[in-house]
Asker: 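Structure provided below as structure tokens; questions to follow.
Each chain gets a letter, A, B and so on, in the order the sequences are listed, and its residues count up from 1.
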Amino acid sequence: MLEFLSRRLAAALVTLALATVVVFAVVEVLPGDPALVMLGTDARPDTLAALRAKHGFDRPLGTRYLSWIGGLFTFDLGNSHAYGTSVAKLIGDRLVVTLPLGAMALSWATLVAIPLGVFAAWKHGRPGDWGVMGFSQIGISVPNFWFGIVLVLLFAVTWQWFPAGGFPGWREPLKSVHALVLPALSLSLGEIAILTRVTRSAMLDTLREDYVRTARAKGAPERRVLFRHALRNALIPVTTVAGLIAGFLIAGAVIIESVFRLPGVGQLVYDSINNRDLIVIKNVVILFTILVLAVNLVVDLAYALLDPRPRVRA
Amino acid sequence: MTGFLTRAARHVGFQVGAVLLLLFVGTALVSIFWTPHPIDALQMRAKLMPPSGAHLLGTDHLGRDVLSRVMVGAQTSITVGLIAVVIGLAIGVCLGAWAAARGGWVDEALSRTADLIFAFPAVLIAILITSVLGASAQNAILAIAIFNVPVFARVTRGAALAMWSRDFVRAATAMGQGPLGITLRHVLPNIASVLIVQATIQFAVAILAEAGLSYLGLGAQPPVPSWGRMLRDAQTYIFQAPELAVWPGLAIALAVLGLNMLGDGLRDLLDPRLRVLRVG
């Protein structure tokens, strides 16, 4: 068990180390002169030189890379080019919007998808199953940002139940949760669709198992068979996929925050692209990578608790 | 082949997918030669008009015909999606087949690299690339293609490894055929169906990705019409002309739905046991 987890942790750290090299190469080496990217080709030589000195672009590559990595450990990520403030604080202020948004979307996705998947497997090959699968097919195909716009059309423009965008800040908790409802719904659509499919196929697998037949033969009530015997084992693949999805939710937030004008990390990325603020982009991409890897580690842990087999295989 | 057609005639999902795809490709082809109005015809006096006889889907914030722009948008989607998938397919299949044939450190190195790319969500790869190279259709293609490479590499590797343990491949090895010859003659032809199915699904994923990128302003640049950017513009005028936000989104959803249904249908018809990778 410990060996399995330490192996996974080591693999994640190697991936993270490689990711920092890739991001550094793309942002600071590939463009030749990062200062030129940030200021544009018509910038004056003295402003370029000043920017290089300010962000340390005039130092050797190795030194720059190591000082960035050192900064990642001490949360000293340098200053934003566009905002002039500390990147760590900038990201921290935005995470309080993005993390709750992602958490809401993920909980909503699991709450809807697991019952739907169980229902579809229970009604396998009958109209109820077709209905759920049809819904899932549509959910995978509809772009989440368009779903968000349609939700705005219906619930903000036509009925005015929810705001069309914006975020009041956590000093007003109720209003803030209210403002996150439509964004979380749109973010979760595709994830509901995928998770429903996974739950359904995992349930179909476990429902064929001998222990399920035994439970039915003993006369156990159908609800008990479905939820105690079948779902419990089906949850193993469902957890894995839910973890993968969590990573993509974080990235999907970039577009959804743009749709709803939420001041989260996604919006920060979007603004930073327009401002050509490479310092912010570099750090946000690594932050997202760390989040994805962390979620996958948590999934591995959950996996090891739910199913004894991977411990042996590792 | 006749068996395939008979089964296809009974598979409703496959047929709906095929019809939607024909509609999508047909619209793109027709729009090369004809659109109801020129796509750049500005009419500032007729802006944000509701649907009418002259403009079936109305006009946008610059008075341009929305139907014509939706039609040409199909070209943009197909071009970006298709090129990205073909690049990803070409590189991914080579790498996957190589990993399966060589095994050992080649396999290990390629699999770890694929894991690394999967750790970055696709949107982030695109953001990194466009933030450094600038926003354009070419860079959007590059970003989507990079994400497609490990998908195809992984699928090819898995399917090819299964082939390498089959008796007819072992027989070919025993007869002295080299790994390249076996890969080309025996492995690839036998895993073609899984690649076709995966390519169909990836085409759908690529169209969604292109739409998302151009919504963020990171895809095809104006004046080239793209569905994602049309949605961004429509959102600004959502209170004055709400229906503008409906058409491009519906076009994306139908195109992607068609490809997804076709992909799932093809899987059922070619080999129901195939496992399709779904990552976006």
Side-chain angles (χ1 to χ4, degrees), chain A residues 11-12 14-16 18-19 22-23 26-27 30-31 34 37 133-134 137-138 140-147 149-150 152-153 156-158 164 190 194 197-198 241 244 247-255 258-259 266 269-270 272-274 276-278 281-282 284-285 288-289 292-293 296, chain B residues 13 16-17 20 112-113 115-135 201 204-205 207-209 211-213 215-218 227-228 231-232 234-235 238-239 242-243 245-246 248-261 264 278-280:
Chain A
V14 171
T15 310
L16 182 60
L18 285 172
V22 173
V23 171
V26 171
V27 172
L30 196 67
V37 173
M133 287 308 278
Q137 188 70 273
I138 292 171
I140 290 175
S141 307
V142 169
N144 57 10
F145 62 95
W146 181 55
F147 183 57
I149 297 174
V150 172
V152 168
L153 268 180
V157 177
T158 312
I194 292 179
R197 283 185 167 205
V198 174
V241 176
L244 277 176
F248 290 104
L249 275 179
I250 297 169
V254 177
I255 300 188
S258 180
V259 173
V269 170
Y270 179 72
S272 301
I273 294 172
N274 289 331
R276 310 204 135 223
D277 196 340
L278 294 181
I281 292 173
K282 176 175 78 174
V284 171
V285 171
F288 277 139
T289 313
V292 172
L293 289 172
N296 285 338
Chain B
V16 175
L20 285 174
R112 291 291 81 79
T113 316
D115 286 348
L116 174 65
I117 300 184
F118 277 126
F120 288 103
V123 184
L124 288 189
I125 296 180
I127 284 170
L128 258 187
I129 290 178
T130 44
S131 59
V132 173
L133 301 180
I201 302 290
V205 172
I207 287 175
L208 273 182
L213 287 178
Y215 175 80
L216 288 176
L218 303 178
W227 291 339
L231 281 175
R232 166 123 244 154
Q235 212 189 339
I238 200 160
F239 288 96
E243 73 278 358
V246 173
L250 202 60
I252 302 168
L254 287 178
V256 175
L257 182 67
L259 282 164
N260 275 333
M261 292 181 80
D264 285 353
R278 268 205 190 271
V279 275

Asker: Quick check on the interface: out of B:Ile252, B:Leu254, B:Leu208, B:Leu216, who has the most heavy-atom pairs with chain A under 4.5 Å?
Answerer: B:Leu216
Asker: Between B:Ala204 and chain A, which part of the residue has a heavy atom less than 4.5 Å away: side chain, backbone, both or neither?
Answerer: neither
Asker: So that I can tick it off, tell me whether A:Asp277 and A:Lys282 are bridged by a salt bridge, with the cut-off set at under 4.0 angstrom between side-chain N and carboxylate O.
Answerer: no
Asker: Identify which part of A:Ile149 has an atom lying under 4.5 Å from any heavy atom of chain B, answering side chain, backbone, both or neither.
Answerer: both
Asker: Heavy-atom pairs under 4.5 Å with chain B are the metric here; pick the option from A:Ile255, A:Val152, A:Ile138 that has the most.
Answerer: A:Ile255
Asker: Just verifying a value: how many Å separate B:Leu250 CG and B:Glu243 CD, rounded to the nearest 0.5 Å?
Answerer: 13.5 Å
Asker: What part of A:Val259 gets closer than 4.5 Å to chain B, counting heavy atoms only: side chain, backbone, both or neither?
Answerer: both
Asker: Which atom pair, heavy atoms only, marks the closest approach of A:Val142 to B:Ala253?
Answerer: CG2-CB, 4.0 Å
Asker: Non-hydrogen atoms of chain A under 4.5 Å away: do they reach the side chain of B:Leu218, the backbone, both or neither?
Answerer: side chain
Asker: I need the minimum non-hydrogen distance between A:Ala19 and A:Thr289, along with the two atoms involved.
Answerer: CB-CG2, 4.0 Å
Asker: If we define contacts as heavy-atom pairs under 4.5 Å, which of A:Val284, A:Val26, A:Leu153 has the most with chain B?
Answerer: A:Leu153
Asker: Should B:Leu259 and B:Val205 be marked as a side chain to side chain contact (heavy atoms under 4.5 Å, CB included) after you check the CA-CA gap, both sets of side-chain angles, and the distance that decides it?
Answerer: CA-CA 9 Å; B:Leu259 282 164; B:Val205 172; over 6 Å; no
Asker: Testing the 3.5 Å rule here: is there a donor-acceptor pair between the side chains of A:Thr15 and B:Arg112?
Answerer: no
Asker: Contact part of A:Leu278 toward chain B, heavy-atom cut-off under 4.5 Å: side chain, backbone, both or neither?
Answerer: side chain
Asker: Any idea which heavy atoms bring B:Arg232 and B:Tyr215 closest together, and the distance?
Answerer: CD-O, 3.0 Å
Asker: Looking only at heavy atoms and a cut-off of under 4.5 Å, which of B:Ala255, B:Gly212, B:Gly13 has the most pairs with chain A?
Answerer: B:Gly212
Asker: Pick one of side chain, backbone, both or neither for A:Val269, based on which atoms fall under 4.5 Å of a heavy atom in chain B.
Answerer: side chain
